[in-house]
Participant: 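Supplied in structure tokens, the structure appears directly below.
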Amino acid sequence: MTTKRFFAGFLLVSLVLAGVVSYYASAAPDGLEKVAEDKGISAKEKDHTFKDSPLGDYGVKGVDDARLSGGLSGLVGVGAVLLVGGGLFWAVRRRGPADAQAAPERDEQVPSETSQKG
């Protein structure tokens, strides 16, 4: 399998998981939220700073369907992670003359052990 095919498959799986699987995520509170509600801790909670942002509360602002909004938010999240991660990898990659000296050319012939003995 080539590297490009691997990354294409990885991208496809990521988009399917973010867009489709998150569409079916439960709206019920998770365990931590449930305990906070049961013990009265959630009465003291405050809204976070980014609640009114375009992707606040795991949804896309302006999309009324909660499931569709969550799926779109997942897709945007995958895209953002790929852009930031790809940008970081691009920024720290090896390049320049040092890279050319570190890796031998593929066309060069490497002498074999038998030719050196003879």
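FYI, side chains are in, hydrogens and waters are out, and symmetry mates aren't considered; it's all heavy atoms of this structure.
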Participant: Output side-chain donor-acceptor pairs under 3.5 Å for residues 64-73, partner residues at least two apart or in another chain, one line each.
Facilitator:
from, atom 1, to, atom 2, distance (Å)
Asp65, OD1, Arg67, N, 3.4
Arg67, NE, Tyr23, O, 3.4
Ser69, OG, Val60, N, 2.5
Ser69, OG, Val60, O, 3.2

Participant: For Ser42 and Glu37, work out which heavy atoms get closest and say how close.
Facilitator: OG-CA, 3.5 Å
Participant: Got a sec, which residues hit side-chain contact (heavy atoms from CB on, under 4.5 Å) with Thr2, two or more places apart in sequence or on another chain?
Facilitator: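 Applying side-chain contact (heavy atoms from CB on, under 4.5 Å) to Thr2 gives Lys4, Arg5.
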Participant: Under 4.5 Å between side-chain heavy atoms, chaining through other members, with only Ile, Leu, Val, Met, Phe, Trp and Tyr counted: pull out the rest of the cluster around Leu17, sorted by chain and number.
Facilitator: Val13, Val21
Participant: Taking all non-hydrogen atoms of both residues into account, name the closest pair between Gly74 and Ala18 and its distance.
Facilitator: O-CB, 3.4 Å
Participant: Give a yes or no on whether Val76 and Val81 share a hydrophobic cluster (residues Ile, Leu, Val, Met, Phe, Trp, Tyr; joining criterion: side-chain heavy atoms under 4.5 Å apart).
Facilitator: no
Participant: Residues two or more places apart in sequence or in another chain: which of them pass salt bridge (Lys or Arg N to Asp or Glu O under 4.0 Å) with Asp47?
Facilitator: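 Counting only residues at least two positions away or on another chain, Asp47 forms no salt bridge (Lys or Arg N to Asp or Glu O under 4.0 Å).
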Participant: Enter the distance from Leu82:CG to Phe10:CZ here, rounded to the nearest 0.5 Å.
Facilitator: 7.5 Å
Participant: I'd like to check the side-chain contact (heavy atoms from CB on, under 4.5 Å) partners of Lys39; sequence neighbours left out, ordered by chain and number.
Facilitator: Val35, Ile41
Participant: Residues sharing Val84's hydrophobic cluster, by side-chain heavy-atom contacts under 4.5 Å among ILVMFWY, directly or via others?
Facilitator: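 Joined to Val84, directly or through intermediates: Leu88.
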